[in-house]
Each structure stands twice: as C-alpha cells, then as structure tokens.
Amino acid sequence: MADQTKNTAYVDQVVLASDLPQQPPAAAVVKEPPQAETDEESVNQKPVKKALVEEDLSKHRCDYQENVLQSGSFKEESTRVVDLLDNEKKALQQLKQLVQEALNKHEFGGQQPEAPKEDDEKESSKEEAKDEAVIDDEPPKPETVAETNDAPVKEDSINLVETEVIEDKVATAAAGSDTVEDDGAKTVEAIEESIVSVSSSSAQPAAEAEAYVESEDERKGGKVEDKVVPPEEISIWGVPLLADERSDVILLKFLRARDFKVKEAFVMLKNTVLWRKEFGIDELVEQDLGDDLNKVVFMHGFDKEGHPVCYNVFGEFRNKELYQKKFSDIEKRQNFLRWRIQFLEKSIRKLDFRPGGICTIVQVNDLKNSPGTSKWELRQATKQALHLLQDNYPEFVARQVFINVPWWYLAVNKMINPFLTQRTKSKFVFAGPSKSADALFRYITAEQVPVKYGGLSKGSEFATTETVTEITVKPAAKHTVEFPVTEACLVRWEARVIGWGVSYGAEFVPSGENSYAVIIQKARKVATSTEEPVVCDNFKVGEAGKVVLTIHNPSSKKKKLLYRFKSHPTTSH
C-alpha cells in the first residue's frame, strides 16, 4: 500500500507473518572486521559486544514502553463519498471512468465476443469471388462491360479497359494528324466522348450493387447498425464493480493504497482482477483444504470499534511434525499459501462494504516462540505470501498489534522504522510479554480477548456480550469485590488477575443480623504460572446478602483484576 514504503505496500498487509530480517540484529549492532580474528581477540571482544547488545536492548525496551503508549494512533478514513475531499472525489470519478471503459472493452480478462456475420454477407462474398474468377479467366470487351448490369466488375479491370479504349482513340487521332483543323477538333471530341462513356459505364455496376445492398437493408427493416457488445461483468470480494455504492468503497481502497494517483490505482485494480482469475480465487473459496492450521491463524471476536480480529500464532510452527507437513517441499508450501489466501478471502467476504460499514480487520501477531529467521522454508513461504497480499489486498488492515515481542524484533523495527511512512507506523503497536495483555485491552475488551492472551473469552456459560469489569489492585494491598444478592438464586462468576501471583478467596455474607458468613473458597495463593488462568465458581444463595471476593496482592507491582458475574433465580424450599 502507499502507506508502507516509498514505492510499495510494505507491512500494511502483514497478515501471515511479521517482517523478519534475514540476519539477527546483533550483526547490525556490532559489525565484524573483515579480517580473521585470533582466539584472544575474540575473547576480548565478547564482553564489548555483550555490553553493546545489552545497551541496545535497554534502548529498545524504552522504545517499547513508548510504543505501548503512543502507537496505534491511526484513525480510519471515511468510506462515505460525501465525506471525501474535493480532490479525492475527483480521483474517484476518474477511476470509475477508467473502470467503465475497461469493462466496455473487456480489458479485465474477458473475451470480447465477435459479431456474427449475416447470411447475405456470406452470399455476397461468394458471388464476388465467383465474378472475380470469371473476369480473370475471360476479360470482357469494353462494350460488354458498359452493358453488364448483373455482376460487379473489379476496379482494376475497369481501369484496364478504359486505358485500352483511350489508347485506341489516341492512335486513330495520331494517324489522321495531317487532316484539316476541323477534323482534329472532331477527333478530340470523339476521344472525350469515349472517356465519358467508359467512365459512366464502369461506375454503373458499383452503383447498382450499392443500391442492391441498400434495398436489402430496407427490406429487412432499417438502417445498418453495429452489433453492441455488453460490458464485462466483474466482481471482487463479492462486490460487482460499478454496480452499486459498495463498489465505491472497493475503489477507495485502491486509491488510498496509491495515494489517490488514479492511473496507478487503476493498474493495481486491473492486476488484482487478472491475478484473481489466474489464481482461481472463486473456485479456491469453495475447496476443502483441511483444518489442521486452525491454531495458527484464527478469527476471534471484535475490537471496540467492531472490527473482526485475526490472530496469527507463529509459535505453533515450533511443532516439527506440523512444520514438515506444511513446508518441507515446494508443493506443500504452495498448499499452505492457498490455504492462507482462502482463509483471508472467507474473512473478507464477511465484511460490510456499504459506505460507513466495517470493511477492515485488526491483526494480532503473537511472536512468542516464533521461529524467527531460523526456518528457511517458512521465510520463503512468508515472503511469497507477503508479496501477494500487499499487491492484491489493499487497505484491509485497520491495526497491527504485535504481542510477546522479543528484544531482537524491537531492534529490527528500529532499523526499518525510517523507511516506513507515518501512516504505516501509526497502525503498529508493539508490546513485550509483560505488556501484551494491556496492549490488547487498549483496543479489545476483555470479554472479547481469548483466555490465553489475558482475557475471559472462552467456551463457558458467559457470552462475549456479557461485560467484564477491570480493576487495578494496588501493590501490597487487599481488594474486595462484592456481588449483591436480593433473592434466592444461583450466583456464577469468573475472575482472573493478569499474571496472578496473588491470593484469592470468596465468601457469602448474609444480610440478616443473626446469620453467619459462609466461606465459599478459603484464601489460597494462585501462582504466576498457574494452569488455571481463570477462576470459575458458583454459589447457591437462599437469602439476601452478598458474595465477596478478596484479592491480596503481596507484590510491589500493581495487578489488573478482571471479573464478571450473573445470577439465576431459584426456588427456595
């Protein structure tokens, strides 16, 4: 896209993999001298290199803190034509004109049908060929040509006869050159009469033939009109071009990808349509390519603005069996590419291309345990996919969130940062392992974030529409959460602390003076590496009161508490 590098769509379409460098960043930080080193020199330089790398790492960690707070400032432009600037409206109209002309000429890959030939044209051509054969075999005399009305005569034959008549008259005049002046005048008049006679005779067959054609047209009921070929019909992502207002939204994507340069946007659109036909996109969408990559790339929930969220989990490729199954040879890499394109196509076709609708996706890229540059086959497949995505899927990413980012990736980002436009950089958010959940919660509510990334979205009795409350637990402090109960019911709740390392307890406190509190869960410490990221509990209440959760944070760092609850009325006995 135009908002990537200065000449191509760089990272806006990073849907499949991040932009990993060909070499680790340490090589960029510390340059090796060209000559060979001795063992002693190498040993002496190791502390220096380590210090430089650690210094660079600390700088990138600082940059990361800024990224979490400042990145992701991109604001999507309107897809309503009425909201466009005047120059943008003009560019859109010009692009629509180019598209219409291309559709009329079938320039998007369709074959323009040939107009069928009429039967009388075939008969006429046959008669003409037959007459030409007769003339060639037995040229008629001048008198015969002048009197012939049935068959057309070739222009070359007429000219030849006319020339012979004139030459005969000139020869006769030359023979009688010694006669008187009056005879000479008569001779000249005779020559002129012969020329006029032959010329009128030669034009007569052509005129009669033309009159015959006109009479045939009139007999068939009218004027001769060219056969009208209907415009080509092209659809892209399920939207017919120029058919309705959704087409404007599609065209705006290509214009924005090329900074509203109309000709460049048209070339990109045309190439995309041709590529889709060549790749067989419509057939690909209907194929069954398996589901063994569902943990690698999957759609889950929506962000706060309603964009669907796509998660890309690169750590799954650490699985050797899966890696060999998908990348061990060219054919398998091509199948992986086809699966990824199919997944993207299906996701895009669920978007709303009406003006003002949600027609972009939020990408979350999990770099935890990412193979990085160590997997050549993955790097090749990623590079090929990236080219296809940036050339044929413009402006489909609303935001790129990179989580669990390792230190070396921050170094890489710092190196490529100067080559990115402000538009692209404003879409990026980078977060290390300890800040990943906070980065996601800036754009996605906790009830929409998967449990593995710090949220509460999972297959449970709570729907993603049931709101989650977020509370900060101060360092070395206790925090209580109360769920009021006014009648007999069954109370259910979910709770989690990001990173845990706290104590959790629950009890029911009745409203009656003579009632006693009931311990639901005795206080217990929930470790940081717990296998129970979310506490799910319930309690059947027979009287009015409240359920109280107690969170004790003994650490020196503040913690984020997420919880939600609901109650189902029951019949007390």
Side-chain angles (χ1 to χ4, degrees), residues 11 14-21 24-26 53 57 60-61 63-65 67-68 71-72 292-301 303 309-323 326-327 336 340 343 362-379 381-382 385-386 397 399-414 428-444 446 448-458 496-501 527-534 557 559-560 562:
V11 220
V14 183
V15 201
L16 195 114
S18 53
D19 302 312
L20 302 180
V53 171
L57 173 58
H60 292 314
R61 284 174 178 167
D63 293 339
Y64 150 73
Q65 296 290 348
N67 278 325
V68 169
S71 295
D292 49 353
L293 290 173
N294 287 351
K295 292 184 178 180
V296 178
V297 183
F298 58 89
M299 305 295 295
H300 189 102
D303 75 345
V309 182
C310 178
Y311 290 83
N312 304 275
V313 188
F314 303 113
E316 292 293 331
F317 290 125
R318 289 284 187 181
N319 184 323
K320 294 182 178 180
E321 182 179 351
L322 177 63
Y323 187 87
K326 296 301 176 183
F327 302 107
F336 171 77
R340 190 60 185 88
F343 182 90
V362 169
Q363 293 286 337
V364 176
N365 305 283
D366 181 10
L367 302 183
K368 183 178 181 180
N369 297 325
S370 173
T373 59
S374 61
K375 301 293 186 180
W376 179 87
E377 297 85 0
L378 176 60
R379 193 166 68 247
T382 299
L386 188 58
V397 176
R399 183 167 287 108
Q400 290 275 8
V401 183
F402 296 84
I403 60 175
N404 295 315
V405 178
W407 69 268
W408 57 264
Y409 193 89
L410 296 177
V412 172
N413 178 67
K414 185 175 181 179
F428 285 2
V429 178
F430 297 93
S434 63
K435 297 290 184 179
S436 292
D438 290 334
L440 291 177
F441 293 153
R442 284 187 61 195
Y443 309 105
I444 311 171
Q448 296 281 349
V449 176
V451 169
K452 67 179 295 185
Y453 295 122
L456 291 180
S457 179
K458 65 173 186 174
R496 79 173 299 173
V497 175
I498 305 301
W500 283 109
T528 303
S529 58
T530 179
E531 295 182 358
E532 184 186 14
V534 180
K557 296 181 180 180
K559 301 282 187 176
K560 185 182 291 294
L562 308 176

Could you tell me the separation between the [atom1] atom of [X] and the [atom2] atom of [Y], rounded to the nearest 0.5 Å?
X: Arg399; Y: Phe428; atom1: CZ; atom2: CZ; answer: 12.0 Å
X: Phe314; Y: Leu378; atom1: CZ; atom2: CG; answer: 8.0 Å
X: Phe317; Y: Tyr323; atom1: CZ; atom2: OH; answer: 9.0 Å
X: Lys560; Y: Asp438; atom1: NZ; atom2: CG; answer: 5.5 Å
X: Asp292; Y: Asn294; atom1: CG; atom2: CG; answer: 8.0 Å
X: Ser436; Y: Leu367; atom1: OG; atom2: CG; answer: 9.0 Å

Any non-hydrogen side-chain atom of [X] less than 4.5 Å from a side-chain atom of [Y]?
X: Tyr453; Y: Val364; result: no
X: Cys310; Y: Gln363; result: yes
X: Phe441; Y: Val449; result: yes
X: Val313; Y: Lys452; result: yes
X: Lys326; Y: Asn319; result: no
X: Leu293; Y: Leu322; result: yes

Taking atom NZ of Lys458 as the centre, does the number of heavy atoms from other residues, nucleotides or ligands within less than 6.0 Å exceed 12?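 More than 12 within 6.0 Å, yes.
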So for atom NZ, which belongs to Lys368, do other residues, nucleotides or ligands contribute more than 12 heavy atoms lying within a distance under 6.0 Å?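 No, NZ of Lys368 has 12 or fewer neighbouring heavy atoms, counting only those of other groups under 6.0 Å.
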Least distance between heavy atoms, [X] atom then [Y] atom:
X: His300; Y: Ser457; value: NE2-OG, 2.7 Å
X: Pro450; Y: Tyr311; value: CD-OH, 3.1 Å
X: Phe402; Y: Gln400; value: CE1-CB, 3.7 Å
X: Trp500; Y: Pro533; value: NE1-O, 2.9 Å

Looking at Ile498, is its backbone amide N or carbonyl O close enough to the side chain of Lys559 to form a donor-acceptor pair, meaning the two atoms are under 3.5 Å apart?
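Pair absent, no side-chain N/O of Lys559 close to backbone of Ile498.
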Using modelled atom types only, decide if a donor and an acceptor are shared between the side chain of Arg318 and the backbone of Asn369 within a distance under 3.5 Å.
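Yes; at least one donor-acceptor contact below 3.5 Å.
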